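Only a predicted model underlies this, so the values are computations on that prediction, with no experimental measurement involved.
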Amino acid sequence: VTEDLGRWADPPLLVLASLAAGEKHGYAITQDVEQTMGVRLSAGTLYGVIARLEERGYIRALPSDDRRRPYQITAAGAAELREQAKRMRSVADLAAKRIRHHARAATA
Amino acid sequence: MSEHQVNRDTRAARGLVRLYPPSWRDRYGAEMLALLADTGVSTRTTLNVVGGAAGAWLRPRGHLLERDARIRASIAATLGAWVAITAALLVYAQLFADQTRLPDTSPGHPFTIAMWRACQIAGGVSVAVLVLGGAPLAVQLLRDAAGRRSARDLVLLTLPVTASGAFLLVLYAIARTAGHPGNGVAPGWFIALCVLGVLAGAADVAGPMRVLRRQAAHGKSLRRAAQAAAAAGLILLIAASAALANLIAIHRWTTPAATVHAPIAVIATFGAVVLLATAVGGTSAIRALRAVRTHS
């Protein structure tokens with residue numbers, strides 16, 4: 001179902017949500033997003049998103065000896081995720097309310 | 001997974017990462033290779049990475065490269081594309097200009113004349129825009145090189161004049177010794193001159209661009225040169241489109257008895273050069289203009 005939502009499953013939000021649970025490198029992010037949110041992020045999409053989030057200061061790369069560099073969400077990233085989650089929740093609440101209203105109207 | 005498949009995936013992953021801009025590869029290349037080693041390279045992944053690379057070229061990330069450095073690199077690529085299209089147009093002009101004066105292209109004759117004129121005008125305007133827009137930057141670079149007493153940079157910066165001049169001298173000498181009045185030179189000489197012309201064109205671009213990449217040129221002259229390169233490239237594309245239309249017209253309308261023909265292979269080669277140069281030059285021009293816009 002999540003795949004069908006398209007715009008709602010915006011890759012930047014999925015990556016931020018994944019990193020909100022703790023620092024991860026690229027492969028761990030793709031695994032986490034696929035297992036918990038049901039969306040498979042390919043390499044091109046993932047690193048496009050990582051570059052964009054890093055540019056905006058929403059995530060930061062942590063030092064690593066390995067070429068698999070871990071990323072961490074920043075305070076600005078957490079604030080952005082909180083704001084987006086709030087907006088999505090209000091839209092979801094509105095949608096649920098209207099669906100209930102629609103169902104009642106259909107059965108009446 | 002077999003060793004053969006691992007090796008194949010590794011090669012494919014390296015090839016895919018090479019599609020990204022150098023600054024992007026420096027920052028994320030190793031990580032992406034590690035990810036591709038973990039996930040494998042499927043058709044879906046390949047398409048996704050190709051799309052990601054196109055996006056990275058078109059929308060460079062501000063934290064990856066200093067803006068002036070990006071403008072300098074983009075000017076170099078745009079100019080390279082401009083020279084490639086110009087070279088294709090010069091060969092076209094040499095091979096097909098006479099066709100517009102021949103009556104055997106009828107009924108397409110007026111069209112070929114109009115396209116030829118459009119090509120000449122757009123080509124001339126493009127050169128003028130490039131020279132006028134690039135002059136302040138050229139003066140800045142020459143002054144800087146003279147101030148540093150860098151003979152190497154002065155030689156590289158004057159290559160457009162010396163390399164083109166040397167080519168014209170060779171052209172004149174060959175035309176005098178091997179040319180036949182009214183028929184030009186033999187095909188072998190013509191091909192040799194084309195190769196020499198391409199080398200001279202490459203030197204014209206490579207010299208100044210090498211200096212531009214090493215010298216930290218910046219400021220208004222750099223931004224103006226980027227805008228001029230983008231505008232000149234766009235105008236030259238009009239010239240190339242007119243030339244391509246002309247080639248197609250000659251191919252369609254020329255009578256079998258005509259002295260000049262435009263075979264499909266010539267049209268395809270010309271079109272491929274223009275398309276490739278447009279893709280490279282267009283992307284670079286967009287990158288440069290975006291960087292210029294974020295400056296102002």
Q: Could you pull out the closest heavy-atom pair between A:P11 and A:L41, with the gap in Å?
A: CB-CD2, 3.9 Å
Q: Tell me, side chain or backbone of B:L33 under 4.5 Å from chain A's heavy atoms, or both, or neither?
A: both
Q: Check whether B:R25 reaches the backbone of B:Y20 with its side chain - one donor and one acceptor, N or O, closer than 3.5 Å.
A: yes
Q: Would you call A:D93 and A:R89 a salt bridge, taking side-chain N to carboxylate O under 4.0 Å as the test?
A: no
Q: Please look at A:L46 and chain B and tell me whether the side chain, the backbone, both or neither of the residue comes under 4.5 angstrom of a heavy atom of that chain.
A: side chain
Q: What class does the angle between the rings of B:W24 and B:Y28 fall in, given that below 30° is parallel, 30 to 60° is tilted and above 60° is perpendicular?
A: tilted
Q: Where does B:A30 contact chain A at under 4.5 Å (heavy atoms): side chain, backbone, both or neither?
A: both
Q: Examine whether an atom of B:R59 lies under 4.5 Å from a heavy atom of chain A, and if so say whether it belongs to the side chain, the backbone or both; otherwise answer neither.
A: neither
